[in-house]
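Each chain gets a letter, A, B and so on, in the order the sequences are listed, and its residues count up from 1.
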Number of protein chains: 2
Amino acid sequence: MSVHREIRTQMQDCGDCPIRHRAVCARCEADELAQLEQIKYYRSYQAGQTVIWSGDKMDFVASVVTGIATLTQTMEDGRRQMVGLLLPSDFVGRPGRSYAAYDVTATTDLVMCCFRRKPFEEMMGSTPHIAQRLLEMTLDELDAAREWMLLLGRKTAREKIASLLAIIARRDASLKQPRTAATMTFDLPLTREEMSDYLGLTLETVSRQMSALKRDGIITLDGKRQVTIPSMDALMDETGDDSDGGYLV
Amino acid sequence: MSVHREIRTQMQDCGDCPIRHRAVCARCEADELAQLEQIKYYRSYQAGQTVIWSGDKMDFVASVVTGIATLTQTMEDGRRQMVGLLLPSDFVGRPGRSYAAYDVTATTDLVMCCFRRKPFEEMMGSTPHIAQRLLEMTLDELDAAREWMLLLGRKTAREKIASLLAIIARRDASLKQPRTAATMTFDLPLTREEMSDYLGLTLETVSRQMSALKRDGIITLDGKRQVTIPSMDALMDETGDDSDGGYLV
DNA sequence: GATCTGCCTTGATGCAGATCAAAAAGGGAA
DNA sequence: TTCCCTTTTTGATCTGCATCAAGGCAGATC
């Protein structure tokens, strides 16, 4: 089936972009793909660069291809809270909204696949798959946000750190290593300050708790950023989470 | 146009149910409405009753018709965090998930409009409007969750209380009073304990901060539950929020 | 190699909110 | 009315994390 093959070939350059990948391409809708191709473009950002400021005009929606971006809210007096961590395939922006609601920042080098907003919205109207796929992704993000609310509202500093490490480790594991490895090693993509913005702590507390987890043998640090987790189970014991919790389908 | 009129008539009994109201009925899609009618039923709950427990099988999705429900997460040791406050027209449950992820509780007497999940999902596949409407609603909830993350992570106890009061007051205002009233009065639908679960505080702290706001003339209490706000501006000054913040379109 | 600069760690101290405890205020029911 | 029970308030004390303040370390620049 040549259309199928053609799409597969074109898919390469878009990485994990969910719009093409899952909503469109998985169903081999060549027309939709062609349409999307026309309104699509790529943008790259260096680590630390700001993608867009809260309140700025935003005439695109996008999905992360490679790298990590963050969504942050800032209060007038400078207090900051991270409200989203965007990994490859995550979606940024919102159909029907023309201004950014959050600061979007690249924490690593970042490539995004952008779609001009207006034509994208029009396409959504005529292409049910896209709205359905977006709905699924948004519901996942809502679940993640609610898990984070529990963390912010009720967990101790140590539990917060352990939870963050577990999330990063789990994501990394699904990308790289088979699920077998008892020991796992990864690079922290966040500075201590970014971690503190995510966890609702100060960077000093983050640093102290990292040291404490190290002292207690839950983690090993190689340099400031490389983390080794000897036992994922031991880490999970520190998160305060239910040990099972696997009912989410 | 008789179809239109018929739909309007049938709408009455479903209150603010967004599925019929906005996604379906607003477009006068009589077929969809007929389909929805077949898979729909109502359920009532008394104040305090649990609608469903986290982890329970959930073979329906629903929307709140009247009353208020809450979504709560509980940790093994009993720490609780409310992660959602469901008002009339809000949606509960998730297409594609057969188990509840949160405890759902009626905080006031509650009527819900339920749809059997499987047929609802099938309908979503064939009826684009519904997925699009659900997407919109879910994006709104995601924004609300992210605002709540800022509150949980970075606001002081006093700011948290003021923010909650402001949210309830604003909702109430849009239902009842014209936007003109400088003074506004409403009943708190939550106990001190529920407020504390929502805000990530203890009930003692909630009580103390309510007393403090009263002492400072920001609010007046008549009994435990009826709140009067002499000046909405004065209350907003206590929330820590940007005074404008009106860029969200 | 020396110096700089941006992270990160560690220490000392303070305070907001938690915890523990008890009294007060409602609000039904009899 | 009185009693009982739940919810709320208030008080005393404790503590986890924030705040303030030095250093330490590793990678860049000269």
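Looking at heavy-atom distances under 4.0 Å, B:Thr202 makes contact with a base. Using a 4.0 Å heavy-atom criterion, one finds that B:Arg158 contacts no nucleic acid atom at all. Note on B:Ser211: only backbone sugar-phosphate atoms sit closer than 4.0 angstrom, heavy atoms only; bases stay farther off. Using a 4.0 Å heavy-atom cutoff across all strands shown, A:Gly200 reaches sugar-phosphate atoms only and no base atom.
Closest to the side chain of B:Glu204, from the set D:dT10, D:dC17, D:dT8, is D:dT10. Taking the side chain of B:Lys224 as heavy atoms from C-beta on, and the options D:dT9, C:dC8, D:dC17, the nearest nucleotide is D:dT9. Residue A:Thr156 has its side chain nearest to D:dC17 when only C:dG17, C:dA18, D:dC17 are considered.
Put simply, CZ on A:Arg225 is 13 Å from C1' on D:dG27, counting in whole angstrom units. Distance B:Leu221 CG to C:dA24 C1': 16 Å, rounded to the nearest Å. At whole-Å resolution of the value, CD in B:Glu193 and P in D:dT9 are 13 Å apart. Atom CG of B:Leu188 is separated from atom P of C:dG26 by 15 Å (rounded to the nearest Å).
The closest side-chain donor-acceptor pair between B:Asp143 and A:Tyr102 falls under 3.5 angstrom. Using modelled atom types and a 3.5 Å distance limit, the side chains of A:Ser163 and A:Lys155 yield a donor-acceptor pair.
In this structure, B:Arg208 does not reach the C:dG17 phosphate: none of its side-chain N or O atoms is under 4.0 Å from OP1 or OP2.
Both A:Lys155 and B:Ser207 lie close to DNA chain D; mapped to their nearest nucleotides by heavy-atom distance, the more 5′-ward contact belongs to B:Ser207.
For the pair B:Glu194 (side chain) and B:Thr191 (backbone), a donor-acceptor distance under 3.5 Å is present.
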